[in-house]
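Residue numbering restarts at 1 for every chain, and letters A, B, ... go by the order of the sequence lines.
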Amino acid sequence: MLRSIFTAIFLFALWYLMSGIDKTLTLVLGAGSSVFAVWIVRRMDDASNFKRLSVHLRPIEFVKYIFWVLAEIAKSNWTVIKIVLSPNMDIKQKMYKVPFSQKSDLGQAIFANTITLTPGTITVEVEGDHFLVHGLSYSLDDHAALADMDRRVSKTEGIVDL
Amino acid sequence: MIFHHLILRVVTKLLVGTIILFALYVQFHGDFSPGGGFQAGVIMAVAFILYGIVFSLESVKKVFPEWLVHKILALGVLIYAGTGIATMLLGYDFLDYDAFAPLHPTHGQHWGLLAIEFGVGVTVTGVMVAIYYAFAGRPPSLTDEDW
Amino acid sequence: MISTVPHFVFLIALLMLFIAMILVLLRLYKGPTLYDRVLSTNSFGTQTVLFIGVLGFLSGRPDFLDIALLYALINFVSTIAILKFFRYRAIGDILIKREAKK
Amino acid sequence: MSIFLEFLQVIAWICILSGGILVIIGALGSLRFPDFWSRLHAASVTDSGGVILLLLGMGIHSGFNLITFKLLLIGVFLFITGPTSSHAVANAAWVSGIKPLRKKHKKSGIDK
């Protein structure tokens with residue numbers, strides 16, 4: 001119930017920031033729309049076999065993590081750009097396994113999406129307790145770098161379940 | 001079998017609420033920004049279609065039952081026509097929005113447009129979801145091996 | 001003087017995006033496998049989103065960003081739908097068919 | 001103050017132009033690379049670097065208002081869906097049995 005209220009408030013803030021119109025009619029329609037959206041989402045959570053997504057993140061850690069990811073994206077972009085522009089493209093492809101330590105589905109999805117977002121590595125499959133990752137220019141350092149990323153994602157996971 | 005599509009499931013659950021809100025935002029801002037009933041209906045239907053693709057047709061039919069789709073199809077047209085008839089009952093022409101607020105024609109047109117757009121949006125949602133149900137409900141004619 | 005520069009910058013960015021879109025379309029035409037084509041369709045969509053954004057700024061109507069957001073959404077859903085269709089030969093339920101086959 | 005604002009504008013132009021260059025490089029990579037798996041990485045340059053730089057440039061150019069928020073929204077949306085669709089394509093290709101090309105300075109030989 002608490003979560004529904006928070007979702008509705010979040011959606012209403014989104015509405016207000018998108019429209020930027022303070023007329024009463026628009027605001028009332030926005031409130032109605034957010035309540036409607038929350039209602040549909042609740043129905044959807046109840047309908048499938050997969051119950052609601054448990055969200056536990058530490059906001060401050062998560063913001064720090066986003067900035068770290070941006071720096072990481074810049075570095076790996078540079079690596080891939082060098083490969084694309086070099087005349088004989090020095091590709092060393094490899095599939096390898098990356099273990100993950102996150103407990104929640106959301107944490108695992110964040111880790112997998114971060115791997116894919118940094119150019120040079122792509123999550124191909126989630127199986128059991130590890131991801132199958134495809135690397136473009138594979139070196140032994142990649143394992144250490146991805147383990148570091150894994151630790152950082154695990155740090156953003158909190159205990160409070162909203 | 002869907003168990004290993006973890007990322008798709010999580011992303012769908014995260015996005016669906018926002019998509020529905022965005023649909024309603026486009027719906028009710030038809031006169032301030034590009035958009036209106038047609039786009040809003042499609043976006044709203046996309047939320048259900050995404051849910052149906054990633055989870056299953058069965059669960060999306062629990063959320064948005066098939067009988068409701070057919071009712072909603074007609075409801076949109078009724079809202080549209082009803083607005084026109086309401087203006088006629090107030091003594092004006094068909095779909096002459098000034099009827100809703102004779103003293104402030106601009107307000108009247110605003111109200112009238114909102115109602116019309118709402119009707120269009122409802123019908124388009126219904127049509128899109130009905131097309132998706134019809135496509136997805138079709139039994140596959142080929143097995144994996146034959147392909 | 002300085003007010004004409006943004007115009008040029010956006011025009012050049014638009015041209016760059018246009019060239020990139022043509023390159024991706026070439027890959028779409030050449031792509032040996034189905035997945036190459038899906039991939040290039042997807043990146044064409046991302047470039048279209050950016051294109052619409054830049055075009056909105058160039059023509060002085062940033063309202064276009066709503067359309068860009070809509071395009072990003074449709075692009076995502078269509079990629080998933082195409083992949084599901086080619087993987088399972090159906091966009092509806094596949095669970096029942098799988099179990100019946102066992 | 002005005003000089004500061006013009007400086008910001010210059011930064012915005014640099015961001016937009018380098019974003020455009022990144023998008024071209026991504027497209028060029030997806031044209032030049034030899035096989036499907038390496039093309040995935042080239043497309044991901046467009047998805048991450050190009051999107052960030054172009055949206056950042058447009059955001060700085062427009063100043064801080066509702067347009068910036070919409071750009072941020074597009075950025076967040078592309079950041080969630082871009083990797084997801086890349087992953088979906090890669091996963092589908094992996095399941096259907098397309099294996100990476102092992103290249104040893106030659107264009108021939110798929111040893112797998």
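Distance check: C/Thr46 OG1 to D/Leu78 CG gives 6.0 Å after rounding to the nearest 0.5 Å. Separation of atoms CG (D/Asn91) and OH (C/Tyr35) is listed at 10.0 Å; rounding is to 0.5 Å.
Interface residue C/Phe10: only side-chain heavy atoms are found under 4.5 Å from chain D. Proximity to chain D is limited to the side chain of C/Leu83, based on heavy atoms less than 4.5 angstrom apart. In this structure, the portions of C/Leu65 lying under 4.5 Å from any heavy atom of chain D include both its backbone and its side chain. Both the backbone and the side chain of D/Leu40 come within less than 4.5 Å of a heavy atom in chain C. Both the backbone and the side chain of D/Leu28 come within contact range of chain C, with heavy atoms under 4.5 Å apart. Within the 4.5 angstrom heavy-atom criterion, atoms from both the backbone and the side chain of D/Ile21 approach chain C. In this structure, the portions of D/Leu31 lying under 4.5 Å from any heavy atom of chain C include both its backbone and its side chain.
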- request: For side-chain contact (heavy atoms from CB on, under 4.5 Å), just list the numbers for C/Val54 and D/Met58, CA-CA rounded to whole Å, side-chain angles, deciding distance to a tenth of an Å, and then say yes or no.
  value: CA-CA 8 Å; C/Val54 176; D/Met58 286 190 262; 3.9 Å; yes
- request: For the pair D/Lys70 and C/Leu69, evaluate side-chain contact (heavy atoms from CB on, under 4.5 Å) and give the outcome as yes or no after the intermediate values.
  value: CA-CA 9 Å; D/Lys70 259 179 209 169; C/Leu69 196 55; over 6 Å; no
field: side-chain contact (heavy atoms from CB on, under 4.5 Å) between D/Leu71 and C/Phe57, intermediate numbers included
entry: CA-CA 12 Å; D/Leu71 285 169; C/Phe57 273 96; 4.2 Å; yes
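No other option in C/Ile12, C/Leu73, C/Val38, C/Ile19 has as many heavy-atom pairs under 4.5 Å with chain D as C/Leu73. Here D/Thr81 is the residue among D/Ile67, D/Leu17, D/Thr84, D/Thr81 with the most heavy-atom pairs under 4.5 Å with chain C. Among C/Leu26, C/Asp36, C/Thr79, C/Leu23, the residue making the largest number of heavy-atom pairs under 4.5 Å with chain D is C/Asp36. Comparing C/Asn42, C/Leu14, C/Leu17, C/Val24 by heavy-atom pairs within less than 4.5 Å of chain D, the highest count is held by C/Asn42.
You'll find the side chain of C/Leu39 stays beyond 4.5 Å of the side chain of D/Ser30, heavy atoms only. With a 4.5 Å cut-off on side-chain heavy atoms, D/Ser96 and C/Phe86 do not count as touching. Counting only heavy atoms from C-beta outward, the side chains of C/Met16 and D/Val23 never approach each other to under 4.5 Å. C/Val49 places none of its side-chain heavy atoms less than 4.5 Å from the side chain of D/Phe77.
For D/Ala27 against C/Gln47, the heavy-atom pair with the smallest separation is CB-NE2, 4.2 Å.
Applying the salt bridge (Lys or Arg N to Asp or Glu O under 4.0 Å) test to C/Arg27 and every residue at least two apart in sequence or in another chain returns nothing.
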